[in-house]
Protein chains: 4
Amino acid sequence: MCPRTDKQFEEIRESKRSQIIDAALECFATRGYHAVSISELADFAGISKGLMYNYFKSKDELLKSIFKQVMSVMLQLFDPDKKGLPGKEELEKYLDRYFNHLKSNIILWKMYMAVFSQPAVQEILKDEILEASRKPLEIMENYCKALGYKDPKAEVAFMSTLMSGVIFEYISDPENYPLDKIKKRILKLYQ
Amino acid sequence: MCPRTDKQFEEIRESKRSQIIDAALECFATRGYHAVSISELADFAGISKGLMYNYFKSKDELLKSIFKQVMSVMLQLFDPDKKGLPGKEELEKYLDRYFNHLKSNIILWKMYMAVFSQPAVQEILKDEILEASRKPLEIMENYCKALGYKDPKAEVAFMSTLMSGVIFEYISDPENYPLDKIKKRILKLYQ
Amino acid sequence: MCPRTDKQFEEIRESKRSQIIDAALECFATRGYHAVSISELADFAGISKGLMYNYFKSKDELLKSIFKQVMSVMLQLFDPDKKGLPGKEELEKYLDRYFNHLKSNIILWKMYMAVFSQPAVQEILKDEILEASRKPLEIMENYCKALGYKDPKAEVAFMSTLMSGVIFEYISDPENYPLDKIKKRILKLYQ
Amino acid sequence: MCPRTDKQFEEIRESKRSQIIDAALECFATRGYHAVSISELADFAGISKGLMYNYFKSKDELLKSIFKQVMSVMLQLFDPDKKGLPGKEELEKYLDRYFNHLKSNIILWKMYMAVFSQPAVQEILKDEILEASRKPLEIMENYCKALGYKDPKAEVAFMSTLMSGVIFEYISDPENYPLDKIKKRILKLYQ
DNA sequence: TATGAATGAGGCTTCATTCAT
DNA sequence: AATGAATGAAGCCTCATTCAT
């Protein structure tokens, strides 16, 4: 008989928003942004087409929201709690975290790759991508400086290459890619 | 005014086919498969929409044809003329060829990545992909064995990772990626 | 804390109804019926979408209600208090009232014109329109007879033409239309 | 067996374009711009929805094209062949042309009114409207000057008022509006 | 072989309306 | 009485594909 309280509405919105983002994340990651229609998305999320637009202004905006969420999760990965000087030990922990994250969040990384490799999508997310890549690069540069590399920027590029390669190979064939062996192999490089 | 011979017709067809494939390759690689319409493609290739369907049964078929061509070009890269035992020197030449190829055929590699990140397309091209990757993997395994690695398969996975990473990073930002430094860095690993 | 009386409820309802009609009148008149959504309307009126439907069965019904109100206000304009015989002096007063009304109720007249130019709406409001135009026409006919016109019906048509023209031109560009000069010009016709 | 010639294509395009504009003119004029959907329009014109967009970039563009055509037809009305000084005789001919035009092109004038009275449509056609009204106003001003009015601009406003009124009343009820009597009545004003 | 007009399915989006609270 | 989440029909538009010439 009474209207819902603001708090109730807030909860509904937050939960439904998550529900949509999760559904879209899975669809986009596994089938590609353009290949998934709003209709399919709504069906998959268990809501009506119209409701999508109650939560996201457009399909593009939905993609941006997903990307922001993906990036925020990933940034936590790259956000070291310890402020201590990075060293070999730190790097090992860092890689550990990274590989574990990859294993347990494969969908996020698929999304990440899908986004990065589709020019049309890149266009949409240009700004967000630039902003998101700043932090990890900074961290890696700190490691490289601490490890005494003469050309830290080049070493960062190499590290990025390694990491991109790992992601790419792993999500292409998670069953067969020897993730652990690769981790050891990489660690050996920085001993 | 004399009627063309069958051979001439065949040549015309073949040349026009190439013309279309080249145009489509450039469009798809730079803007993405879904973002390019048949209309735009026809304009870009300098022919009419209708004629496209004279050469390719559908847009999907066109994509498959392009991918086959891309793969055939890449296989040449991985087809060593010299049958000599692989060693450090050979590896250096191999990497040289690889990096040069990447530099001068960036469009092909963009296409290659684009295909890999489109699940729907992957499905269609599964077999071609598998077949195409056989040869390079074999070659790399030979190198690894020759270099005395205890676990050659793991080292091959690492090499693949490196190469995927290089492709990915390079095509993402060709202007700024230090391709040559990365090549040296990789060679240092195998000295 | 005492429960409201029925009368209070009634007053609240009536006042809220007015609030909605006023808001809708302004929106429709300035931006057009189709261009204004119920959502915008509710925002503008400071209530929720749902409540709109508590007061009006549909958007069309709302329009009808507005038009009825517009017509009732206009009928007052054409309802002369004085029953004295119409003459030149009366006509002047009549036009005065008319022009002043136009100036101070431009929104009502915009609405009136908007309705007339929407065939779909005309259909809905056919009867209301006919009924509403009876009175002014009657008054004008009386004037014409009193002024001694041989063909009073034709002169009424001419007067209607003048008035429609004034409305049309004035609401099209209220800033620049010389309303007062036009009034004088018309009065000169009937001296 | 041969493709059509450019000329043939040109003819097809021109004729189909007309067909669409005519259909749209009738629909918009009688039922209103917003009330007519592209689907209905296509049906009415006897073509597919898609083809509409082969000829007009959008519904708005179609409206603009129609308005341009309407205006071009009307401008001919206001474009006197004779360059002689305007006088009473000229004015009579001018009004003659005007009233006849109204009678035989009622749809055009309905369209004109529909456009002018719908704010949303005005918005779309802002520029075109301004441009189109320049010429007739200029002509009327010349008449007024020639007729010796002290305040020609005011008299132009009065004439515009008359003409708008005539259009408005006539298209509202063509059957019963005494067009000829009104013409005489107006002429009497300028004897 | 070659053209581009024509089609129609399907995409994204809006919005009047309903309904649980 | 009041709210806004939820629905789904319908709108505009795109585009792969067909077809007459």
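Numbered from 1 within each chain, the chains take letters A, B, ... in sequence-line order. Small disclaimer: the values here were computed from a predicted structure and weren't measured. These values consider heavy atoms only, across backbone and side chains, with no hydrogens, waters or symmetry-generated copies.
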If you look at every heavy atom in I107(D) and A29(D), which pair is closest and at what distance? O-CB, 3.8 Å
Which pair of heavy atoms, one from G32(B) and one from P119(A), lies closest together, and at what distance? N-CG, 3.8 Å
Quick one: on DNA chain E, does G46(D) or I47(B) contact a more 5' nucleotide (nearest heavy atom)? I47(B)
Here DNA chain E, pairs taken as Watson-Crick or G-U under 3.5 Å and shown with ( ), [ ] when crossing and | when to another strand, reads .||||||||||||||||||||
Please report, rounded to the nearest Å, how far the C1' atom of dG4(E) is from the CG atom of L41(B). 16 Å
Interatomic distance, I20(B) CD1 vs dA2(E) C1' [rounded to whole Å]: 11 Å
Nucleotide dA5(E), atom C1' - distance to CZ of R17(D) in whole Å: 16 Å
Between CG of D6(D) and C1' of dT21(F) the distance, given in whole Å, is 14 Å
Please state whether the phosphate of dG4(E), meaning OP1 or OP2, lies under 4.0 angstrom from any side-chain nitrogen or oxygen of R13(D). no
Note, M113(C) side chain near K110(C) side chain (heavy atom, < 4.5 Å): no
Got F56(D) and I21(D) here, is their nearest side-chain heavy-atom distance under 4.5 Å? yes
What residues form a ring pair (Phe, Tyr, Trp, His ring centres under 6.0 Å) with F67(A), not counting sequence neighbours? none
Going by an N to O cut-off under 4.0 Å, is there a salt bridge joining K7(B) and E10(B)? no
Could you check if a side-chain atom of L62(A) sits within less than 4.5 angstrom of a side-chain atom of Y33(A), using non-hydrogen atoms only? no
Whole angstroms only, please: what is the CG-C1' distance between L63(D) and dC12(F)? 15 Å
For nucleotides 13-19 of chain E, 5' to 3', base contacts (B), sugar-phosphate-only contacts (S) and non-contacts (-) with protein non-hydrogen atoms under 4.0 Å give BB-SBB-
Can you tell me how far C1' of dG4(E) sits from NZ of K7(D), to the nearest Å? 17 Å
Reading DNA chain F from 5' onward, which residue's closest nucleotide shows up sooner: Y55(C) or I12(A)? Y55(C)
Verify the contact: side-chain N or O of N54(B) to OP1 or OP2 of dT1(E), cut-off strictly under 4.0 Å; return yes or no. yes
Base, sugar-phosphate or nothing for F56(A)? Non-hydrogen atoms, less than 4.0 Å. nothing
Are R4(A) and dA20(E) close enough that a side-chain N or O sits under 4.0 Å from OP1 or OP2? no
Gap between atoms CD and P, on Q8(D) and dG4(E) respectively (whole Å): 12 Å
How close do S39(A) and K49(A) get, heavy atom to heavy atom, and via which atoms? OG-CD, 3.4 Å
Find out whether M111(D) and L63(D) are in side-chain contact, i.e. whether some heavy atom of one side chain is under 4.5 Å from a heavy atom of the other. yes
From CG of L62(B) over to C1' of dC15(F), roughly how many Å is that when rounded to an integer? 15 Å
